[in-house]
There are 2 protein chains.
Amino acid sequence: MPVAMLDLAVLGLLREHPRHGYELRRALAELGYRRVSFGALYPALRRLERRGWIEASPETGRRRTYGLTAAGAEAFVELLSQVDPEESDRAFQTRLAFLGRLEPSRRIAVLEARRRALAERLRRVRDTLRRARSVDRYRRASMERNVRTAEADIAWLDQLIAAERAGAGT
Amino acid sequence: MPVAMLDLAVLGLLREHPRHGYELRRALAELGYRRVSFGALYPALRRLERRGWIEASPETGRRRTYGLTAAGAEAFVELLSQVDPEESDRAFQTRLAFLGRLEPSRRIAVLEARRRALAERLRRVRDTLRRARSVDRYRRASMERNVRTAEADIAWLDQLIAAERAGAGT
DNA sequence: TAAAGCATGTAAGAGGTTACATGATTGG
DNA sequence: CCAATCATGTAACCTCTTACATGCTTTA
């Protein structure tokens, strides 16, 4: 069950306040989503509505303004808490953007799950690098980059976890 | 026309020598693809065959062994050379894995196109960071990570480009 | 008044996922 | 002999992309 990150982002944004599709697109861009197409966004809204996670308020002019339902708020916390070990950096970034909306204990669990996943990835990448003797220099460069990036991300997560434990306020 | 990276990887691997599906899956894993599903792989082989880019040699037992055609070799170089500015790190990594198969001048063009795309990304991310005053600390942490990562990747590309210009042999 | 931006949507098609189905071969 | 691995595939479903369609409002 890989969570659709667009769904998570939409729920998270509607948790802040009701919005219509076009407005969501702008907010998503600020979250770092490079222009979500309408062919992705509007069907996603229908999907979430069908599941009872969001609902449209009476239309104001041409706009369909959606708000989060109670079930949606629950689903949001659930989706946000489930870290998939294989999830991409991009997906984790979406998760992180809404981490402040979770209770502190759940936040730490998410950060630690991500840290474990990265540590495992680092282990695998180092292993591949060790076993690969005569690989082409581009492949080697790419593997070395993977090691470097994973190390930097783990150190970064450690900082976030430490700050979280220190119980910093926003 | 966003290039399907799986297609590119398959063409690149078959350029080395003919392989059957199951074997391709193993080779893809070594390239860093976390287990490509058969429901993705076999249809991809059919697709490439339909386009005349690969062809199966007479079957050996249960295996269908595919090789690259002349048209496939041409398509491979074409696909490998076209860097999409929006392409993900993951996609670029696939491209990089086969960069050694391009002529040196094209290699540099690919690396520089990627560098330009990253520089542009960095510019945007810095801009967002500057304009974002009162963002939540997780979002800020994530933006700062983006800046750091982009800077590291640009420096890394600069090294690759310099090595390329120096005309290093494999 | 024309262009750009606001606003919502549909249709076709590509490509991916999971689950299912089949059967041979190899190793403990 | 049973489990794992080799090997190929299909079917249903999901989500995304691009392109198209419509029409209002603001600004140069």
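In what follows, chains are A, B, ... by sequence order, proteins preceding strands, each numbered from 1. Side chains included, hydrogens not; waters and symmetry mates left out as well; all remaining heavy atoms used.
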If a pair satisfies salt bridge (Lys or Arg N to Asp or Glu O under 4.0 Å) and one of its residues is in residues 20-38 of chain A, list it, with sequence neighbours excluded.
->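 The answer is R34(A)-E86(B).
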What residues, two or more places apart in sequence or in another chain, satisfy salt bridge (Lys or Arg N to Asp or Glu O under 4.0 Å) together with R123(A)?
->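 Per chain and number, R123(A) pairs via salt bridge (Lys or Arg N to Asp or Glu O under 4.0 Å) with E120(A).
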Can you sort out the partners of R51(A) under salt bridge (Lys or Arg N to Asp or Glu O under 4.0 Å), two or more places apart, ordered by chain and number?
->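 D7(A).
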Side-chain donor-acceptor pair present, T94(B), Y33(B), cut-off under 3.5 Å |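 Note: T94(B) and Y33(B) side chains meet the donor-acceptor criterion.
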Establish, from distance only, whether the side-chain atoms of Q93(B) and S142(A) form a donor-acceptor pair under 3.5 Å.
->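 Checked: Q93(B)/S142(A) side chains pair up, N/O donor to acceptor below 3.5 Å.
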Flag yes if L118(B) and I161(B) sit in one hydrophobic cluster, no otherwise; membership is Ile, Leu, Val, Met, Phe, Trp, Tyr, and two members link when side-chain heavy atoms are under 4.5 Å apart.
->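 In one cluster: yes.
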Going only through I, L, V, M, F, W and Y residues with side-chain contacts under 4.5 Å, is there a path from L102(A) to L31(A)?
->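 Linked, L102(A) and L31(A) end up in one cluster.
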Answer yes or no: does a side-chain N or O of S37(B) lie under 4.0 Å from OP1 or OP2 of dT17(C)?
->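 Yes, because at least one side-chain N or O of S37(B) sits under 4.0 Å from OP1 or OP2 of dT17(C).
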With sequence neighbours excluded, tell me which residues meet side-chain hydrogen bond (donor to acceptor under 3.5 Å, both in side chains) with Y138(A).
->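 Y138(A) satisfies side-chain hydrogen bond (donor to acceptor under 3.5 Å, both in side chains) with R107(B), E164(B) once adjacent residues are dropped.
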Rounded to the Å, how far apart are [X] [atom1] and [N] [atom2]?
X: E23(A); N: dC6(C); atom1: CD; atom2: P; answer: 11 Å
X: L41(B); N: dG16(C); atom1: CG; atom2: P; answer: 10 Å
X: H20(B); N: dT5(D); atom1: NE2; atom2: P; answer: 16 Å
X: L8(B); N: dA14(C); atom1: CG; atom2: P; answer: 19 Å
X: D84(A); N: dT17(C); atom1: CG; atom2: P; answer: 12 Å
X: R34(B); N: dG16(C); atom1: CZ; atom2: P; answer: 17 Å
X: Y22(B); N: dT5(D); atom1: OH; atom2: P; answer: 8 Å
X: R62(B); N: dT5(D); atom1: CZ; atom2: C1'; answer: 10 Å

DNA chain C: 5'-proximal contact among L45(A) and M5(B) (nearest heavy atom) |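 By nearest-heavy-atom nucleotide position, the 5'-most residue is L45(A).
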Could you give the angle between the helix axes at the two ends of the helix from dT1(C)-dA28(D) to dG28(C)-dC1(D), with five pairs per end, rounded to 10 degrees?
->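 Here the helix ends are tilted 30° relative to one another.
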Cationic tip of R139(B) within the cone over F98(A)'s six-membered ring, i.e. under 6.0 Å and within 45° of the normal?
->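 Cation-pi check for R139(B) and F98(A): passes.
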Could you tell me whether R35(B) contacts a base, only the sugar-phosphate backbone, or nothing, with contacts defined as non-hydrogen atoms closer than 4.0 Å?
->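 Nothing: the residue R35(B), judged by heavy atoms under 4.0 Å, touches no strand.
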For R25(B), report the nucleic acid contact type (base, sugar-phosphate, nothing); a contact means any heavy atom under 4.0 Å.
->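 Contact class for R25(B): none.
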Quick test: give all pairs of protein nitrogen or oxygen and nucleotides 10-15 of chain D nitrogen or oxygen below 3.5 Å, distance rounded to 0.1 Å.
| from | atom 1 | to | atom 2 | distance (Å) |
| --- | --- | --- | --- | --- |
| dT15(D) | OP2 | R47(A) | NE | 3.4 |

